[in-house]
Amino acid sequence: MGKVKNGKPIHLQSVCTGQMLHSNMAEGGMCSWGGPEHTELGWRLFGEHFRIKDGGQVVLMGIGNTEERAFMHSNAEEGGGFSFGGEQFEHGWTLQKVPGESSESKWLKWGDTVYMISNHGKGYWHSNSEEGAGFSWGDERQIGRAHV
């Protein structure tokens, strides 16, 4: 598996359901989930460097979002809808590999399981929200993981 690189399109796959988080939500919208065939509803990952490393800060731009350059911010409230805005790392995410479930390299590789940690102080994003539900935050339990 190759290294995850800056600007590449990705899917965010829930470890709870196997579904992909789609990027077609509007400001304040609730979660939209679906299959991997919808590449037009994925995300584009931008990091501080060309290659994305374990513990690196990133921003996620919604490919399927109708807003111009809408980045998913990590400041949503528990149970609340999505917050979109500009490319701001302070509202972005830190990607941390899950030990034992990811490659041993310091670089993220396709298929690695990661924790998505809010750079806005909300904690760990949990991938257990249902279709039409809001954000779920917590600690690094099992439901806090996603695949890149």
Side-chain angles (χ1 to χ4, degrees), residues 1-25 29-39 41-65 70-148:
M1 297 221 175
K3 294 178 178 107
V4 177
K5 296 180 183 169
N6 195 31
K8 295 293 183 180
I10 64 167
H11 277 303
L12 296 174
Q13 182 180 20
S14 167
V15 297
C16 296
T17 66
Q19 293 288 301
M20 309 302 164
L21 180 68
H22 286 171
S23 62
N24 57 342
M25 294 82 61
M30 300 300 177
C31 290
S32 175
W33 297 95
E37 67 276 8
H38 293 288
T39 56
L41 299 176
W43 302 87
R44 197 167 297 276
L45 181 81
F46 294 95
E48 300 172 286
H49 306 287
F50 178 68
R51 291 184 181 148
I52 311 300
K53 66 180 178 177
D54 184 24
Q57 292 189 21
V58 299
V59 291
L60 296 163
M61 185 179 83
I63 296 171
N65 196 294
F71 290 84
M72 180 174 64
H73 285 178
S74 64
N75 60 346
E77 296 298 323
E78 175 71 27
F82 279 78
S83 174
F84 287 98
E87 186 176 353
Q88 301 162 330
F89 282 102
E90 67 267 21
H91 295 301
W93 305 87
T94 298
L95 301 182
Q96 180 183 46
K97 289 183 180 186
V98 175
E101 296 187 30
S102 301
S103 63
E104 296 300 317
S105 170
K106 71 177 181 178
W107 304 105
L108 288 182
K109 295 190 177 200
W110 298 112
D112 277 343
T113 305
V114 297
Y115 294 121
M116 289 181 57
I117 305 165
S118 167
N119 288 351
H120 203 265
K122 297 290 184 179
Y124 291 76
W125 172 65
H126 285 183
S127 62
N128 63 336
S129 296
E130 295 179 6
E131 179 73 24
F135 259 76
S136 177
W137 298 102
D139 58 20
E140 58 186 49
R141 294 176 296 172
Q142 170 120 355
I143 58 176
R145 303 175 308 175
H147 297 292
V148 291

In Å, rounded to the nearest 0.5 Å, how long is the span from CD of Glu101 to CG of Asp112? 10.5 Å
Donor-acceptor pair, Ser83 side chain versus Ala76 backbone, under 3.5 Å? no
Decide side chain to side chain contact (heavy atoms under 4.5 Å, CB included) for Lys8 and Ile52; before the verdict, give the C-alpha distance in whole Å, the side-chain angles of both, and the deciding distance to 0.1 Å. CA-CA 10 Å; Lys8 295 293 183 180; Ile52 311 300; over 6 Å; no
Tell me whether the rings of Trp125 and Trp93 are parallel (<30°), tilted (30 to 60°) or perpendicular (>60°). perpendicular
Could you tell me whether the side chain of Asn24 and the main chain of Gly64 form a donor-acceptor pair under 3.5 Å? no
Quick one: pull up NE2 in His38 and CE in Met20 and give me the separation to the nearest 0.5 Å. 11.0 Å
Side-chain donor/acceptor of Glu131 to backbone N/O of Trp33, under 3.5 Å: yes
Output yes when a side-chain donor or acceptor of Ser14 lies under 3.5 Å from a complementary backbone atom of Gln19, and no otherwise. no
Are Lys97 and Asp54 within salt-bridge range, i.e. N to O under 4.0 Å? no
Can you tell if the side chain of Ile10 reaches within under 4.5 Å of the side chain of Leu60, non-hydrogen atoms only? yes
If you take all heavy atoms of Glu87 and Val59, which pair is closest and at what distance? CG-CG2, 3.7 Å
Leu45 vs Leu95, side chain to side chain contact (heavy atoms under 4.5 Å, CB included): CA-CA, chis, key distance, verdict: CA-CA 11 Å; Leu45 181 81; Leu95 301 182; 4.1 Å; yes
When you measure from the side chain of Asn65 to the backbone of Met25, do you find a donor-acceptor pair of N or O atoms at a distance under 3.5 Å? yes
Please walk me through it: do Asn75 and Gln88 pass side chain to side chain contact (heavy atoms under 4.5 Å, CB included)? CA-CA 12 Å; Asn75 60 346; Gln88 301 162 330; over 6 Å; no
Can you tell me how the ring of His91 sits relative to the ring of His73, calling it parallel under 30°, perpendicular over 60° and tilted otherwise? parallel
The reported gap from CD in Glu78 to CH2 in Trp137 (rounded to nearest 0.5 angstrom) is 9.0 Å
Take a 6.0 Å sphere around CD of Glu104 and say whether it holds more than 12 heavy atoms from other residues, nucleotides or ligands. no
Is there a donor-acceptor contact under 3.5 Å from the side chain of Thr113 to the main chain of Ser102? no
Smallest heavy-atom separation, Ser129 atom then Ala133 atom, equals CB-CB, 4.2 Å
Could you check whether any side-chain N or O of His126 sits under 3.5 Å from a backbone N or O of Asp139, counting only pairs where one atom can act as donor and the other as acceptor? yes
Do the non-hydrogen side-chain atoms of Val4 and Trp107 ever get within less than 4.5 Å of each other? no
Supply the atom-to-atom distance Lys3 NZ to Phe50 CZ, rounded to the nearest 0.5 angstrom. 10.5 Å
Which label fits Trp43 and Phe84: parallel for a plane angle under 30°, tilted from 30 to 60°, or perpendicular past 60°? parallel
In terms of heavy-atom contacts, does CD of Glu48 have more than 12 from other residues, nucleotides or ligands at under 6.0 Å? yes
Minimum heavy-atom distance between Gln57 and Phe89, given as atom pair plus value: O-CE2, 3.5 Å
Would you check if there is a donor-acceptor pair between the side chains of Asn119 and Thr94 at a distance under 3.5 Å? yes
Let's go through Phe46 and Met61 carefully: what are the C-alpha distance in whole Å and the side-chain angles of both, what is the deciding distance for side chain to side chain contact (heavy atoms under 4.5 Å, CB included) to 0.1 Å, and is it a yes or a no? CA-CA 8 Å; Phe46 294 95; Met61 185 179 83; 4.0 Å; yes
Can you run down the salt bridge (Lys or Arg N to Asp or Glu O under 4.0 Å) pairs that involve residues 114-124, sequence neighbours left out, and say none if there aren't any? Glu77-Lys122
How long is the gap from OG on Ser74 to CZ on Phe135, to the nearest 0.5 Å? 8.0 Å
Please answer whether the main-chain N or O of Pro36 pairs with a side-chain N or O of His11 as donor and acceptor at a distance below 3.5 Å. yes
Do the non-hydrogen side-chain atoms of Pro9 and Thr39 ever get within less than 4.5 Å of each other? no
